[in-house]
Amino acid sequence: MSYIKPKFRHPRLPTNNLGYTIADYDGAISTLCAGCGHDSISASIRNACFKSSLHPHRIAKISGIGCSSKMPTYFLSRSHGFNSVHGRMPSVATGASLANRDLTYVGVSGDGDTASIGMGQFIHLMRRNVNMTYIVANNGCYGLTKGQDSATADLGSISKYGDVNGFDGIDLASLAILQGASFVARSFSGDKEQLEPLIRAAMAHNGFAFIDVVSPCVTFNNHNGSTKSYAETRDHLDAMPVDFVPMRDEIRTQYAEGTSQSVTLHDGSVIHLRKAVSGLATNDRQSALNTIKSNEDKARILTGLLFLDPDTQNLSTSLELATRPLNELGKDELCPGSKVLKSINEGLR
Amino acid sequence: MSYIKPKFRHPRLPTNNLGYTIADYDGAISTLCAGCGHDSISASIRNACFKSSLHPHRIAKISGIGCSSKMPTYFLSRSHGFNSVHGRMPSVATGASLANRDLTYVGVSGDGDTASIGMGQFIHLMRRNVNMTYIVANNGCYGLTKGQDSATADLGSISKYGDVNGFDGIDLASLAILQGASFVARSFSGDKEQLEPLIRAAMAHNGFAFIDVVSPCVTFNNHNGSTKSYAETRDHLDAMPVDFVPMRDEIRTQYAEGTSQSVTLHDGSVIHLRKAVSGLATNDRQSALNTIKSNEDKARILTGLLFLDPDTQNLSTSLELATRPLNELGKDELCPGSKVLKSINEGLR
Amino acid sequence: MKQIKGTNDFVVKFANVNGTGSASANHLFAKAIFRMGIPVSPRNIFPSNIQGLPTWYEVRVSSKGYLGRRGGVDLMVCVNPQSMEQDIASVEPGGYFVYDNTKPLAPHLKRDDIHFFGIPFTEMCMREYSVPRLQQLLKNVVYVGALAALLDIDFGVLKGLLNDQFKGKEKLISSNVHALEMGYQYATENFQCPLPIKLKKGGNVAPHILETPHILMNGNTAAALGAIYGGATVAAWYPITPSTSVIDSFATYAKRLRIDAGSGKKNYAVVQAEDELAAMGMVVGAGWNGARAFTATSGPGVSLMSEFLGLAYFAEVPVVLINVQRSGPSTGMPTRSQQSDVLAAAYASHGDTKQVLLFPATPQECFEMTVNAFDLSERLQTPIIMMSDLDLGMNDWMSPPLEWDDNYEMDRGKVLDAQGLDDAKKWGRYLDVDGDGICYRTLPGAHPTKGAYFTRGSSKNEMAVYSESGDDYVRNVDRLLRKFETAKDLVPQPKTHPPIEVKKPKTKLKLGALFFGTSASPSYEAVEMLAPEGYPIDTMRIRAFPFHNDLDQFIHDHDLVFVIEQNRDGQMRQLIMNECQIAPTKLTSILNYSGTPITARDIANQIRTSLNTKSAKIVPLHAETA
Amino acid sequence: MKQIKGTNDFVVKFANVNGTGSASANHLFAKAIFRMGIPVSPRNIFPSNIQGLPTWYEVRVSSKGYLGRRGGVDLMVCVNPQSMEQDIASVEPGGYFVYDNTKPLAPHLKRDDIHFFGIPFTEMCMREYSVPRLQQLLKNVVYVGALAALLDIDFGVLKGLLNDQFKGKEKLISSNVHALEMGYQYATENFQCPLPIKLKKGGNVAPHILETPHILMNGNTAAALGAIYGGATVAAWYPITPSTSVIDSFATYAKRLRIDAGSGKKNYAVVQAEDELAAMGMVVGAGWNGARAFTATSGPGVSLMSEFLGLAYFAEVPVVLINVQRSGPSTGMPTRSQQSDVLAAAYASHGDTKQVLLFPATPQECFEMTVNAFDLSERLQTPIIMMSDLDLGMNDWMSPPLEWDDNYEMDRGKVLDAQGLDDAKKWGRYLDVDGDGICYRTLPGAHPTKGAYFTRGSSKNEMAVYSESGDDYVRNVDRLLRKFETAKDLVPQPKTHPPIEVKKPKTKLKLGALFFGTSASPSYEAVEMLAPEGYPIDTMRIRAFPFHNDLDQFIHDHDLVFVIEQNRDGQMRQLIMNECQIAPTKLTSILNYSGTPITARDIANQIRTSLNTKSAKIVPLHAETA
Ligand SMILES: Cc1ncc(C[n+]2csc(CCOP(=O)(O)OP(=O)(O)O)c2C)c(N)n1
Ligand SMILES: Cc1ncc(C[n+]2csc(CCOP(=O)(O)OP(=O)(O)O)c2C)c(N)n1
Ligand code: SF4
Ligand code: SF4
Ligand SMILES: [Mg+2]
Ligand SMILES: [Mg+2]
């Protein structure tokens, strides 16, 4: 269990344009493991909403099932939230957005929730370009069910149980670009300088915005990294009771655009991040894919805004929905009345 | 209803290396619409198996649900077949292949079956690199449920019911390349000169081989094509009873590698095919994606073998399965016996 | 040789090949009878493919207005060589067989107890038309023309129908009329017309039919209209026979009736989902967010939706699901009808779940119950599953006109808006303030500081705070039971009719019959068949689950109750035994699960057999408990 | 003040924070008692998260060998301030409360009817260890040391366990032993040890326990071993609590026992699927292709698998599914136990489906029934669902050792190989040659020219040719019913015990109790509690569905039968009423659905209440049918 709110807060907190303080964007106390990357993401979402001066109650939070999908409880208590079923958040979010096109939708998911059980819905959500921000807290494993490999785990990575992953990891950002997402970004949970503005941009984007956030799992981390250091750590773990989760600190990082940075995870493995220069985001899907791939070939994870198509048609527009939210319509707009029914009857004679 | 077997057959048919005649690869009489592209694919599969001299009974045919998924009934009656549930053929094929790694598996699916309900399983099937040939009979619509748009229908195409498709079509071949398929090809149902050798190569490939076959639906075709000719035809259709399906001939085409060809479909719409030069198949995923895209930008559908990684690990190898099929193992190999159980008991005291 | 006789009372069946345009011609035939004011019920029996397989169309004509199947065929029109043998076999002795004698009938097919009428349809059309398409198409119209003569159909009515159908396309009208005349002429010239079975306007038609100007419509269209009138704004679905036309019709009507006047934009959304899980997920999301949302599906879809149905039950999200049942299990027979999802729907999902079901029996009820489903789903904050079937959904039924009360107000249930939240003393999402098990919900975005809560399937307390306490869990699921109790009085109540008087009853047992949906019509007919034979049977038509206490009472008041349904396992009987305190030996199943709708004759036969042999079986109950 | 007394008969409960390593220490405690030869049953009650929430561990010690929960806590060890208040409240009057008094106990928490034992665990560890990890971890071991003194645990046994656990890591052994000693010493120095509740080797332990050298194992491990011994070669699954460890254990054992000697390669495959639909699809594919294949899941997975279960039922594919039940519906409480998937499993999927269920009550049965499930699935060519639950699957149970008969031969059912096909006169996949409803299947690749057929869920005839004929359909599904009838004699039969003699019975009614799975153990105990009170209750433990006729007979032979189960809706009672011809008033539900396993005291109480108030309810049955 960790806390995303600081224990003490100055009585006169600064307010944003709408007069809210950051506390108005707080959530419940997190029950995730101390040091879990997911808590950093929650904090960034909270901060992004505060800085962007969004009305908390005009945001709806939707998630699937998993440690990551618990996150919406831990930010924005003034927003409605829906912790639905495993892997099917995309459809719930689609329905919600159809019912009321005026709210801001934040979907939160995990790599298990999205890349395994949710893969089909994820792809079709992008195809429909639902107007929402979709954040995957990507830890390469199933945290809540205790550490199995997920479909984004790197080939050759070793799970806490000592199994070597024999399958290629799915790169969700590339997939999103290929399958038509109109905003695709990647970041690292501990890099709030990068993550917060990305979240703000995603929420401002008028269409489907995807952010793949590398978010280390303290307890069952599954990144490939340096095998040596990993093995060393493992040896250490062997002597521990299986149910012991040591207290850890969040991993924070900070580095400049256009540079690379190595981050050592809690288990001693290392990942290599490369920060794209902002403003360079391409609206050419093919070249975005190529850039991601060439970094991957150098074992680097490219972060930043990777693709953007600002002039996109979201689902509400492509379905030609009227501007008033469907859930506000009343009998007058909806019910054609007895006269019309009479004429329909006539047509059926 | 159409017939893939010729009505008359010479008494002394030629035999292949194993001594089988083509008749040994026949299936039941097709109950698909006359002229349906799917029947041409069935014929090509039959011919490919004959020419490659495969034992019919060592092939297993697995499909989902749809007109396309009915195809396995119409070829290879001597093979076992399994018409499973809609969209879930990949998992059934995976299980079958685990049970007996020695058979040749042919999966047949439709664009609805694969790109909508089956999307998640399709992607994970590729990720596992199950040793099989996977053929999608791609008609851009749901034939069996009477012509709704599928997820591969082109943006802007008009369905038989007059609805304009507002979503981008999913390009299954690109998706397959991105998601790690080790053999990716595309063809046209009526181009047996191209399709047959592709099927033979796919079946010989030691890993997952995907063939996206453009296969016009006579009755509910959904390709974008020339709007004018389409509209003309539509007018014609309006006067017809909804349950009238005119008898049509199969669309055949023949053109040289490296050239392009326009094919007019039954409803008057036109598609443009571009045949890749064989032997040029790349094993660089990125450049394969780029080539497909650049043809697409010219409104051309690139056909041929698009990507090949011949030295791939299929699921049986990556799971390190023993060479004897699992379904042949008996008590001796499987059951450790009472002595071992005694020692297990000891360990539990 | 015997000749079946009857005015406005017979069964005609057409044997065709699908994809040949026959359905439209057959529909023309049925609709003409309908326009003559004579009760008719046509049924399409079609294969699960698009072209080339046998398909049938059965038209029942019934002066009394029985709309269920009777059983047996009096006149068969066969233009499909593939099925000729079985078609000939299916005609009642003394019946009539109309066929294409362009090729002569194989001698071994002849029966000498039925009357054959050969008409060279193919030859006539080959001679008359040069375009193959017309040769094929108009053949169907020719046989309708012949039937017009044989059965005495009002020719003017037929022409009127063609005029309506091809409005503005004069050429098409005249070619069709010509084809009709060709058939008519051939029949009058070659046969004694009309046959002893025939139609007569007015005739012996039951007064309650004559009094109302009926309409002819299928249940799926009616349900779609119900969704329009019920204020549905979000329809998410995945195509599956036989439910597809619910959404098709909804989209068609919405395009006409739901366009925002100012902008020309849509006041509704229809989304074809990628599968049934997604379709239901969208409905759940939209329902949670305050829109009236629904989906339509069939068997396999119900299975796939079951996880989400469990979520909606537990998270208390309004959801409307129209289940147009087909033959199960698994793929089953997608184009055949059954009532076999009763248990799957009532207990959809793992864990302790109970879903509210509605059972429409007519298109009128499809309409009304769909409207009602939206009210109930919001009132009860739970999924409402309307259990239609292929027979009801896809076939045309004669029906009194649909009615609408303009004073109708949608029941949006207990939703607190900003004002409501400000007024409320204490609010908790799962607090049972009123004691009816139904709590007050709020919608996202309603209030800046109040009413936000977290919806989850999993553990929670009354305040919607995460909790794994056993007490919180039990309180919550017990409240859901209380809500289910509340539902009993809100759902449509079962229907009874005044008991049938019987002069000399053959049994001392008080007999009852329970049925629902499309089993109702033939059940009523069977009961009327049996009354003159000395078996008085009281009836109750079940219209919803949870069952009203009247159902218990009905069973209690009878010694033996037949439960008539169209599935193998007697699922409604099981549901009754589960939910009521009923001695099972009281309930006898009358079943048909062949995939073609149950017939009155079949029901009557099964009841007769049961009454003649069952008496032994009725005793043990007393014995057992003595 | 009263002191609870008892040798080898009490309940100890630990209140911890999860992720702190307490489970291992608590296990050490329970295992030490087990090694002393005293019947013990530990239960982990844990939250659905990874770190930082309250978690409990309840250890029952019972000389008679009752392994179910008794109810009540005699000694509580609380090291979690979050739950302290409720933990104190849960101790029985006269019981004992051991806590960390590094911080003093808040005065308002004090109770004067229980005994408090403060031990400064944190302080002791802070003093003793400098590494925070060790401070945290060894605290757990210190309290076990204290309990060793308070309850008189054999210190040698504890040391032996540590030696086994940390074999080869001397440093770890000595630091753990040191921590134990610290606790032991503190307790002996500060309290009067042992307490009136204590352990005694041999002692009053029931002879049937002493006679066999028991093992301690959980049901999931046992099921995994069953899959190994039953010859499973394909395991496809998707992680879900509480079923995950079934596959984990299978993989672990297979890695050891299923490696091909020559090549070092695997004679098994474990695939983590992308979801439960895929997991079941793989099992169906593998089963169809002749491998013994299985999956394990829990509630939501069962819902997601239901379409495939319907296919397997109808296409007659052998499938084994181990359903380790948790609280439902929807996400429910994933780390809590229930028996609430009975109906969802029995009728899994739309349409008329009936699935075969097995109900193990002990790890031994998990082992045996899993082996049996593979035989049954191939014999019956249908899915076999083993219904375990979290309590059985994830907790350690004392059990007689697993036994294996080396003469066991797998029953592969009716499979024709090449020879068989050549010998067969006429073969059709769905021909019921033997009249038992089970047909002969063939495997892909078996024969060059014979035996190939097309498997489909949809319409077919006996020769596996596509058919939409109603007759073919009915014949097929009727045969499936016949097969279900055949299953009755093949599945494990229900178990009865000789009736308990009661001197002065307080009731004339013949009483019975039905139960299954983890409800069995506390039910037996409750029955033994009630006998001396004058209520003789006969018992029958249900072990499978379809029910054997003995079940009907048992109910017939009694006036009132309690159905004891762990779900809200009395699902087993419903299933019995559906499938047997039972008057429902005979069956009274005794339920617990809080998520924590039902206790003997709870059952006894509910039965007492029922007997004192129910008599009125028993009469109406006679009345109703009179
Ligand atoms: C249908 C279903 N299957 C399985 C589960 C069990 N389950 C809960 S969370 C989870 C995986 C979560 O992984 P991920 O989405 O990566 O989240 P993380 O915990 O790693 O943040 C699984 C398999 C479930 N709740 N529902
Ligand atoms: C679970 C489920 N949902 C829906 C259906 C209905 N259905 C049958 S085939 C089909 C679509 C087939 O489309 P496609 O795969 O493209 O095949 P085609 O007929 O076009 O060849 C659908 C939706 C079904 N059988 N099962
Ligand atoms: S298990 Fe991993 S993902 Fe889950 S809360 Fe702990 S650190 Fe985070
Ligand atoms: S409907 Fe289309 S896809 Fe189906 S059989 Fe006919 S032509 Fe082929
Ligand atoms: Mg994860
Ligand atoms: Mg298609």
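Chain letters run A, B, ... following the sequence lines, proteins first and then strands; every chain starts at 1.
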Please identify, among [options], the residue contributing the most non-hydrogen atom pairs under 4.5 Å to chain C.
{"options": "D:Ala315, D:Gly299, D:Gly470", "answer": "D:Gly299"}
{"options": "D:Ser469, D:Ser459, D:Ala312", "answer": "D:Ser459"}
{"options": "D:Asp478, D:Leu587, D:Asn578, D:Thr331", "answer": "D:Asn578"}
{"options": "D:Val477, D:Leu343, D:Val302, D:Leu575", "answer": "D:Val477"}
{"options": "D:Ala345, D:Ser458, D:Ala344", "answer": "D:Ser458"}
{"options": "D:Ser48, D:Pro334, D:Ala348, D:Gly570", "answer": "D:Ser48"}

Under 3.5 Å, side chain of [X] to main-chain N/O of [Y], donor-acceptor pair present?
{"X": "C:Lys586", "Y": "C:Ile582", "value": "no"}
{"X": "C:Gln82", "Y": "C:Gly52", "value": "yes"}
{"X": "D:Gln566", "Y": "D:Ile598", "value": "yes"}

Q | Test side chain to side chain contact (heavy atoms under 4.5 Å, CB included) applied to C:Thr353 - qualifying residues, sequence neighbours left out | A | C:Tyr313, C:Ser349, C:Gln355, D:Pro329
Distance-only donor-acceptor check, side chains [X] and [Y], under 3.5 Å:
{"X": "C:Ser467", "Y": "C:Asp472", "answer": "yes"}
{"X": "C:Gln606", "Y": "C:Asp602", "answer": "yes"}
{"X": "D:Ser594", "Y": "D:Asn592", "answer": "yes"}
{"X": "C:Gln581", "Y": "C:Asp552", "answer": "no"}

Part of [X] lying under 4.5 Å from any heavy atom of chain C:
{"X": "D:Tyr466", "answer": "side chain"}
{"X": "D:Ser298", "answer": "neither"}
{"X": "D:Phe484", "answer": "neither"}

Counting only heavy atoms closer than 4.5 Å, note whether [X] contacts chain D via side chain, backbone, both or neither.
{"X": "C:Thr596", "answer": "neither"}
{"X": "C:Gln338", "answer": "side chain"}
{"X": "C:Leu481", "answer": "both"}
{"X": "C:Arg573", "answer": "side chain"}
{"X": "C:Arg568", "answer": "both"}
{"X": "C:Leu311", "answer": "both"}

Q. Should we say atom CD of C:Glu85 is surrounded by more than 12 heavy atoms from elsewhere, each under 6.0 Å from it?
A. no
For chain D, which of [options] has the most heavy-atom pairs under 4.5 Å?
{"options": "C:Glu468, C:Met577, C:Gln325", "answer": "C:Glu468"}
{"options": "C:Ile576, C:Asp569, C:Asp341, C:Val474", "answer": "C:Asp569"}
{"options": "C:Pro47, C:Gly310, C:Pro300", "answer": "C:Pro300"}

**Q.** C:Glu579: partners by side chain to side chain donor-acceptor pair (under 3.5 Å), with sequence neighbours left out
**A.** C:Tyr347, C:Lys354
(Q) Nearest 0.5 Å, please: how far is CG in D:Leu480 from NZ in D:Lys483? (A) 5.5 Å
